[in-house]
Protein chains: 2
Amino acid sequence: MAGKFMTIREMCDLFDVTPRTLRFYEQKELLAPERTGNRRLFTKRDRARLKLILRGKRFGFSLEDIRQILDLYDPDQNNLPQIKRACKLGTQRLADLEERRKELDEAIQDLRGQLVIGAEMISYAQATAAE
Amino acid sequence: MAGKFMTIREMCDLFDVTPRTLRFYEQKELLAPERTGNRRLFTKRDRARLKLILRGKRFGFSLEDIRQILDLYDPDQNNLPQIKRACKLGTQRLADLEERRKELDEAIQDLRGQLVIGAEMISYAQATAAE
DNA sequence: CGTTATGCTTACGTGAACGTAAGACGGTAC
DNA sequence: GTACCGTCTTACGTTCACGTAAGCATAACG
């Protein structure tokens with residue numbers, strides 16, 4: 001049923017988005033589903049791209065940022081300069097992500113510390129209440 | 001000059017944001033600077049909160065999400081139920097962040113792989129061009 | 001002491017990322 | 001055949017996160 005092509009509804013159910021969202025992404029050239037008549041047919045490629053799109057969004061990238069990143073994932077094989085540009089941009093993006101990971105680790109440490117403090121406040125409150 | 005209080009401009013320079021942004025965050029109750037007359041005076045607490053705000057934004061949280069997180073970082077010490085709620089929410093948020101880290105690691109691995117492919121494409125193109 | 005910078009409030013404007021409603025078209029279930 | 005999905009296009013509406021301009025008060029500088 002979903003071997004090669006998927007309808008827009010199947011895509012929506014699979015990724016938990018609305019049809020409007022998929023059409024919007026197509027309009028922004030983030031997706032490029034096939035057509036039969038004027039019905040959209042989403043391929044494996046579209047699914048892979050959508051996964052990347054949603055992931056990017058969860059990390060605060062704009063759709064325009066994401067479009068640039070997507071180009072990295074399937075550049076025009078016959079266009080060497082474009083491949084080189086994509087690699088350069090990708091290397092830069094990688095450094096970006098690694099920086100983000102450091103920040104994320106820091107945030108996790110902070111939050112853990114805060115939870116310890118919270119736990120202390122609770123046990124202290126209970127201790128004084130028991131007096 | 002910036003020992004205890006900072007002007008809005010000093011804050012802007014320090015965090016690379018506009019005055020409008022700081023006023024906007026205050027209106028949304030993310031910050032609560034003191035006042036002298038009607039001039040805002042930002043304290044160490046505001047600086048700590050702003051750091052958290054900007055960090056949250058980089059990870060795609062909405063300002064409303066962030067407001068909830070901020071409450072975690074200085075709950076009302078006299079309100080035990082609120083502390084407990086904050087801890088619960090914080091624990092949940094921690095799991096959330098750790099999930100994000102897994103995703104981020106995945107994204108980094110993907111991108112590294114993609115860069116390898118790109119490098120291969122470049123060297124292949126150059127090899128065939130040399131024939 | 002006038003000019004220039006900084007800050008305040010109020011309020012309308014803007015770009016991104018969709019939501020939503022209207023109307024038309026094609027398959028298909030009865 | 002017609003009633004009903006599912007999908008399409010077009011287009012106006014909406015929310016979030018600020019930008020920007022106007023008008024006024026105060027502070028800092030020379």
Side-chain angles (χ1 to χ4, degrees), chain A residues 1-43 46-47 49-71 93 96 100 103, chain B residues 1-43 46-47 49-71:
Chain A
M1 43 147 62
K4 195 162 167 48
F5 293 126
M6 288 177 69
T7 72
I8 197 169
R9 178 117 306 274
E10 288 168 340
M11 284 290 279
C12 290
D13 292 346
L14 184 56
F15 288 96
D16 193 32
V17 295
T18 71
R20 171 59 168 145
T21 297
L22 296 182
R23 296 190 191 111
F24 183 74
Y25 291 166
E26 180 179 1
Q27 184 188 329
K28 293 286 175 183
E29 295 180 80
L30 296 172
L31 297 177
E34 316 266 312
R35 298 281 178 135
T36 171
N38 63 354
R39 301 298 176 78
R40 289 170 178 81
L41 293 178
F42 293 87
T43 68
D46 294 308
R47 292 194 280 281
R49 289 174 73 93
L50 184 53
K51 186 181 171 188
L52 288 172
I53 293 169
L54 298 178
R55 181 196 277 169
K57 287 202 60 185
R58 277 191 294 278
F59 287 102
F61 291 105
S62 75
L63 292 184
E64 179 52 31
D65 286 343
I66 293 171
R67 205 183 54 75
Q68 307 235 346
I69 297 173
L70 282 175
D71 286 346
R93 191 60 78 184
D96 203 59
R100 260 162 203 264
E103 250 193 294
Chain B
M1 44 149 63
K4 195 162 165 49
F5 292 125
M6 289 178 68
T7 72
I8 196 168
R9 177 118 309 275
E10 288 168 340
M11 284 290 279
C12 291
D13 292 347
L14 185 55
F15 288 96
D16 193 32
V17 296
T18 70
R20 170 62 168 141
T21 298
L22 296 182
R23 297 190 191 111
F24 184 74
Y25 291 167
E26 180 180 0
Q27 185 189 328
K28 294 284 172 183
E29 295 180 79
L30 296 172
L31 298 176
E34 316 265 312
R35 297 280 177 134
T36 172
N38 64 354
R39 300 296 174 83
R40 290 170 177 81
L41 294 178
F42 294 86
T43 69
D46 293 310
R47 292 194 280 281
R49 289 174 73 92
L50 183 53
K51 186 181 170 189
L52 288 172
I53 293 169
L54 298 178
R55 181 196 278 170
K57 286 202 58 185
R58 277 193 292 279
F59 287 102
F61 291 105
S62 74
L63 292 185
E64 179 53 29
D65 287 343
I66 293 171
R67 206 183 54 75
Q68 308 235 347
I69 297 174
L70 281 176
D71 287 345

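These numbers were taken from a predicted model, which means no experiment stands behind them. Throughout, a chain's letter reflects where its sequence line sits, starting with A, and its residues are numbered from 1.
- In this structure, A/Thr21 reaches the C/dG19 phosphate: one of its side-chain N or O atoms is under 4.0 Å from OP1 or OP2.
- At the heavy-atom level, B/Lys57 lies under 4.0 Å from the strands shown only through sugar-phosphate atoms.
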I'd like a table of donor-acceptor pairs (distance under 3.5 Å, sequence neighbours excluded) in which one partner is a side-chain atom from residues 52-63 of chain A, with atom names and distances.
| from | atom 1 | to | atom 2 | distance (Å) |
| --- | --- | --- | --- | --- |
| A/Arg55 | NH1 | B/Asp110 | OD2 | 3.2 |
| A/Arg55 | NH2 | B/Glu106 | OE2 | 3.3 |
| A/Arg55 | NH2 | B/Asp110 | OD2 | 3.4 |
| A/Arg58 | NE | B/Glu103 | OE1 | 3.0 |
| A/Arg58 | NE | B/Glu103 | OE2 | 2.9 |
| A/Arg58 | NH2 | B/Glu103 | OE2 | 2.6 |
| A/Ser62 | OG | A/Glu64 | N | 3.4 |
| A/Ser62 | OG | A/Asp65 | N | 3.1 |
| A/Ser62 | OG | A/Asp65 | OD2 | 3.4 |

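- At whole-Å resolution of the value, CD in B/Glu64 and P in D/dC18 are 14 Å apart.
- A/Cys12 pairs with exactly one of A/Thr21, A/Thr7, A/Leu22 by the side chain to side chain contact (heavy atoms under 4.5 Å, CB included) rule, that one being A/Leu22.
- In terms of position on DNA chain D, the residue among A/Arg39 and A/Arg35 whose nearest nucleotide sits closer to the 5' end is A/Arg39.
- Here A/Tyr25 does not reach the OP1 or OP2 of C/dA17: none of its side-chain N or O atoms lies under 4.0 Å away.
- Side-chain atoms of A/Asp46 come within 3.5 Å of backbone atoms of A/Thr43 as a donor-acceptor pair (strictly under, hydrogens ignored).
- Across all strands shown, B/Arg23 has heavy atoms under 4.0 Å from base atoms, whether or not it also approaches the sugar-phosphate.
- Both A/Phe24 and B/Ile8 sit near DNA chain C, but only B/Ile8 has its closest nucleotide nearer the 5' end.
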Output a table of donor-acceptor pairs, distance under 3.5 Å, between side-chain atoms of residues 28-36 of chain A and any protein atom two or more places apart or on a different chain; print 'none' if there are none.
| from | atom 1 | to | atom 2 | distance (Å) |
| --- | --- | --- | --- | --- |
| A/Arg35 | NH1 | A/Asn38 | O | 3.1 |
| A/Arg35 | NH2 | A/Glu26 | OE2 | 3.0 |

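- Contact check, B/Thr18 against D/dG19: a side-chain N or O comes under 4.0 Å of OP1 or OP2.
- In this structure, the CD atom of B/Glu10 is 18 Å from the P atom of C/dA5, given to the nearest Å.
- Between A/Arg40 and D/dC8, a side-chain N or O to OP1/OP2 separation shorter than 4.0 Å is present.
- Summarising the geometry, the separation between CG on A/Leu22 and P on C/dA17 is reported as 15 Å, rounded to the nearest angstrom.
- A donor and an acceptor atom sit less than 3.5 Å apart, one in the side chain of B/Arg20 and one in the base of D/dG19.
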